[in-house]
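This report refers to the structure that appears directly beneath it.
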Amino acid sequence: MSSNPVAETVASLLPRAKAELTELVAFRSVADFEQFPKSESEAAASWVADALRAEGFVDVALLDTPDGTQSVYGYLPGPEGAKTVLLYAHYDVQPPLDETGWATPPFELTERDGRWYGRGTADCKGGVIMHLLALRALKANGGVPVNVKVIVEGSEEQGTGGLERYAEQHPDLLTADTIVIGDAGNFRVGLPTVTTILRGMTLVRVSVDTLAGNLHSGQFGGAAPDALAALIRVLDSLRAEDGSTTVDGLDASATWDGLEYTEEQFRADAKVLQGVELTGSGSVADRLWARPAVTVMGIDCPPVVGATPSVQAAARALISLRVPPGVDATEATKLLTAHIETHTPWGARVEVEQIGQGQPFRADPTSPAYRAMAEAMAVAYPGETMQYAGQGGSIPLCNTLAGLYPQAEILLIGLSEPEAQIHAVNESVSPQELERLSVAEALFLRNYAG
């Protein structure tokens, strides 16, 4: 990186950043308290609150949100009359999945091949550290020229809406001129990218019942309605022959007109096995950012090991539907529910229970904040021009903030580039990306202050 006092300061702070991220990753802060102790999330929240206090933030508070989790808030006053910028990240993480699939323990930050591995390193505990680095660099080089609010969520990965509901109940708390969401990522390592759209999501649990109890498959199989077979038929109805999502009444023909994603690059990023076809139609960008996508996240049925020759009386599945901009998530949930009910065979009893929901989001990339970020990223990434991309994932808070503060500009940046493998085993972060994005955020705050 070219000589620049802010960049030099960030570079000098990287060892401290690694040590702090190591501490933060060690908390098993999965906001599913049936799987992980609530105390782990509370300890992570306290760590973030202490870090904000150490940087001079005032009004630091642990906010008890309606879903039973805690978000962390702090305010750092800037010069009189300065603009206000809200910086967002989340400290909760996805479960580690199969810990035996990790090359190193998921809650121990480990450096390997130039990357830092551990659950949450990129998504999104690294985002917390990115914000701290940017602010420290500014404080060491003339001061922070804006008022800064920080909000660090405790249940983003669960989609339970605690912070959204809290913000709606306390609308003055997060008011800002611009909001920087540190939970997205570059299109690839080294290519500065701002995310301009997010798909929304709905999460439903489907229960199918056909019998009072399991039956011997030799004695009753062939006439007895099998609940697992019925569920499989329902799940299969959600995709066309080419793998495209097909929910009755839900448009799946929209196209993406921004940064393109080649099939070759996508296959490499997604680590698609040789000979296996990609699913869906249209360009890869269309499929990822402009169209709905259904995923079966889990099925409750007997495991192969220990299975008995039985006709199943009941089966359940957890289904996620990603919803593109232009589609209302509530309406998509209704269509998904109706589709499931219509396609359940043999008169089987079916129940659809909504577990979570978030609306899609579209930003305005022509706003002054985007120009300030483009200038900052040109310095942080010499020789590169800031790109606009979509992101297939959901950050429900974005739409809540856009609704509460329609005058605020919202930018999405972050550390979750493809090599990070967020939500998968062996999640990692590039320390170079952490460094460059921290520089970009610091310079953005300076540019934006005018």
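Just so you know, these numbers use all the heavy atoms, side chains as well, and skip hydrogens, waters and symmetry mates. Everything numeric here is computed off the predicted structure, so don't read it as measured data.
In this structure, CG on Leu318 lies 5.0 Å from CE on Met297, to the nearest 0.5 angstrom. Here Ile340 contributes atom CD1 and Glu351 contributes atom CD; the two are 11.5 Å apart, rounded to the nearest 0.5 Å.
For the 3.5 Å distance criterion, the side chains of Glu419 and Ser430 fail to qualify, holding no donor opposite an acceptor. Inspection of the His343 and Asp248 side chains reveals an N or O donor paired with an N or O acceptor under 3.5 Å. For the residue pair Asp172 and Thr175, no side-chain donor N or O sits within less than 3.5 Å of a side-chain acceptor on the partner. Between the side chains of Gln158 and Asp92, no donor-acceptor pair is found at a separation under 3.5 Å. No side-chain donor-acceptor contact under 3.5 Å links Thr69 and Lys38. No hydrogens or angles considered: a donor-acceptor pair under 3.5 Å links the side chains of Asn186 and Glu433. Side-chain contact check for Thr202 and Thr333: at least one donor-acceptor pair (N or O, by modelled atom type) lies under 3.5 Å.
Heavy-atom contacts from other residues, nucleotides or ligands closer than 6.0 Å to CD of Glu277 number 12 or fewer. For Lys83, the NZ atom counts as densely surrounded, since its 6.0 Å shell holds more than 12 non-hydrogen atoms of other residues, nucleotides or ligands.
Figure legend: Lys149 and Tyr73 shown without cation-pi pairing, the cationic atom not lying both under 6.0 angstrom from the six-membered ring centre and within 45 degrees of its axis. Figure legend: cation-pi geometry between Arg112 and Tyr117, with NZ or CZ positioned under 6.0 Å from the six-membered ring centre and within 45° of its axis.
Here the two rings, on Phe187 and Tyr261, have centers that are under 6.0 Å apart.
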(request) Test salt bridge (charged side-chain N to carboxylate O under 4.0 Å, His left out) on Glu153 and Arg165 and set out the steps. (result) CA-CA 12 Å; Glu153 188 173 3; Arg165 303 295 83 76; over 6 Å; no
